Peer 1: 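Could you have a look at this structure, given as structure tokens, before my questions?
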Amino acid sequence: QVHLVESGGGLVQPGGSLRLSCAVSGSIFRNNAMTWYRQAPGKRRDLVASITDDFRTDYLDSVKGRFTISRDNAKNTVYLQMNSLKPEDTAVYYCSAELLVTSTGKVGHYWGQGTQVTVSS
């Protein structure tokens, strides 16, 4: 079974930094785009950053210049480096991946369980 596991969340003061990681496990034939989303209580889930298999990136306007998405293909891991954090960044952050899974032979979208990021004084 394919699993995505996020880590690195926690409580940080405004202006601080965190690095989120998302590791993909399972029998994967091909890992296409990987994406970070976030959802605050009572709000919609927003796309934060994405990275394709050819390393093209895209960001939510409000995080440009502060967040950096990267991937390590050898480890099947995507990262989100978050600097200059603001209270408005508080949310559960979810990792997703577009994967060609060996067992099914099909491309599907998979999600992690989420990791809480809280930015507060």
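Please read these numbers as outputs of a predicted model, since none were measured by experiment.
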Peer 1: Can you name the residues that form a side-chain hydrogen bond (donor to acceptor under 3.5 Å, both in side chains) with N32, not counting sequence neighbours?
Peer 2: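 For N32 the side-chain hydrogen bond (donor to acceptor under 3.5 Å, both in side chains) partners, ignoring immediate neighbours, are R30, E98.
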
Peer 1: Using side-chain hydrogen bond (donor to acceptor under 3.5 Å, both in side chains) as the criterion, list what pairs up with T104, not counting sequence neighbours.
Peer 2: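 Result, side-chain hydrogen bond (donor to acceptor under 3.5 Å, both in side chains) vs T104: none returned.
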
Peer 1: Identify the residue among T57, N76, N31, T77 that makes a side chain to side chain donor-acceptor pair (under 3.5 Å) with R71.
Peer 2: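 That would be N31.
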
Peer 1: What disulfide (SG to SG under 2.5 Å) pairs are there with at least one residue in residues 52-81, not counting sequence neighbours?
Peer 2: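 For residues 52-81: none.
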
Peer 1: Write out all pairs satisfying disulfide (SG to SG under 2.5 Å) with one or both partners inside residues 88-121, taking only residues at least two apart or from two chains.
Peer 2: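 Residue pairs with at least one partner in residues 88-121: C22-C95.
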
Peer 1: How long is the gap from CZ on R56 to CD1 on I51, to the nearest 0.5 Å?
Peer 2: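 Here the interatomic distance stands at 10.5 Å.
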
Peer 1: Where the side chain of E6 meets the backbone of G114, is there a donor-acceptor pair that is under 3.5 Å apart?
Peer 2: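 Answer holds: yes.
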
Peer 1: What pairs of residues pass the disulfide (SG to SG under 2.5 Å) test when at least one of them lies in residues 52-88, not counting sequence neighbours?
Peer 2: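 Matches after skipping sequence neighbours: none remain.
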
Peer 1: With sequence neighbours left out, what residues match K86 under salt bridge (charged side-chain N to carboxylate O under 4.0 Å, His left out)?
Peer 2: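 In terms of salt bridge (charged side-chain N to carboxylate O under 4.0 Å, His left out), with neighbours along the sequence ignored, K86 is linked to no residue.
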
Peer 1: Looking only at heavy atoms, which two atoms of S17 and V12 are closest? And how far apart?
Peer 2: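 What the structure gives for the nearest pair is N-CG2, 3.9 Å.
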
Peer 1: Once side-chain hydrogen bond (donor to acceptor under 3.5 Å, both in side chains) is applied, do any residues pair with S25, and if so which ones, sequence neighbours excluded?
Peer 2: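 side-chain hydrogen bond (donor to acceptor under 3.5 Å, both in side chains) check on S25 returns nothing, list empty.
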
Peer 1: If I take atom CD1 from residue I69 and atom CG from residue D58, how far apart are they, to the nearest 0.5 angstrom?
Peer 2: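 Between I69 CD1 and D58 CG, I get 9.5 Å after rounding to 0.5 Å.
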
Peer 1: Using side-chain contact (heavy atoms from CB on, under 4.5 Å) as the criterion, point out the one residue from Q116, M82, Q39 that pairs with Y93.
Peer 2: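 For Y93, the side-chain contact (heavy atoms from CB on, under 4.5 Å) test succeeds with only one of Q116, M82, Q39, which is M82.
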
Peer 1: Once you round to the nearest 0.5 Å, how far does OG of S103 lie from CD1 of I28?
Peer 2: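 So the OG of S103 and the CD1 of I28 are separated by 8.0 Å.
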
Peer 1: Linking Ile, Leu, Val, Met, Phe, Trp and Tyr through side-chain heavy atoms less than 4.5 Å apart, which residues share a cluster with Y94?
Peer 2: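 Hydrophobic cluster check, Y94: joined to Y37, L47, V92, W111.
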
Peer 1: Which residues pass the salt bridge (charged side-chain N to carboxylate O under 4.0 Å, His left out) test with D46, sequence neighbours left out?
Peer 2: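 Expected list: R44.
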
Peer 1: For D89 and R38, work out which heavy atoms get closest and say how close.
Peer 2: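 So the two residues come closest at OD1-NH1, 2.9 Å.
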
Peer 1: Just grab all the ring pair (Phe, Tyr, Trp, His ring centres under 6.0 Å) pairs involving residues 55-86, residues at least two apart or on different chains.
Peer 2: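 Matches after skipping sequence neighbours: none remain.
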
Peer 1: For K64, is the NZ atom crowded, meaning more than 12 foreign heavy atoms sit under 6.0 Å from it?
Peer 2: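 Result for NZ/K64: enclosed.
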
Peer 1: Under the side-chain hydrogen bond (donor to acceptor under 3.5 Å, both in side chains) test, which residues partner R19, sequence neighbours left out?
Peer 2: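 None.
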
Peer 1: If a pair satisfies disulfide (SG to SG under 2.5 Å) and one of its residues is in residues 26-91, list it, with sequence neighbours excluded.
Peer 2: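 Every candidate disulfide (SG to SG under 2.5 Å) pair involving residues 26-91 fails, so no pair, neighbours aside, qualifies.
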
Peer 1: What is the distance from atom OG of S50 to atom CE of M34, rounded to the nearest 0.5 Å?
Peer 2: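 The CE atom of M34 is 11.5 Å from OG of S50, to the nearest 0.5 Å.
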
Peer 1: Count I, L, V, M, F, W, Y as connected when their side-chain heavy atoms are under 4.5 Å apart, and connections chain through other members. Are V5 and Y110 then in the same cluster?
Peer 2: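 No; Y110 is not reachable from V5 via cluster members.
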
Peer 1: Between atom CG of L80 and atom OG1 of T35, what is the distance when rounded to the nearest 0.5 Å?
Peer 2: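 The CG atom of L80 sits 11.0 Å away from the OG1 atom of T35.
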
Peer 1: Has T115 got a side-chain atom pairing as donor or acceptor with G9's backbone, closer than 3.5 angstrom?
Peer 2: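 Side chain of T115 to backbone of G9: a pair is present.
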
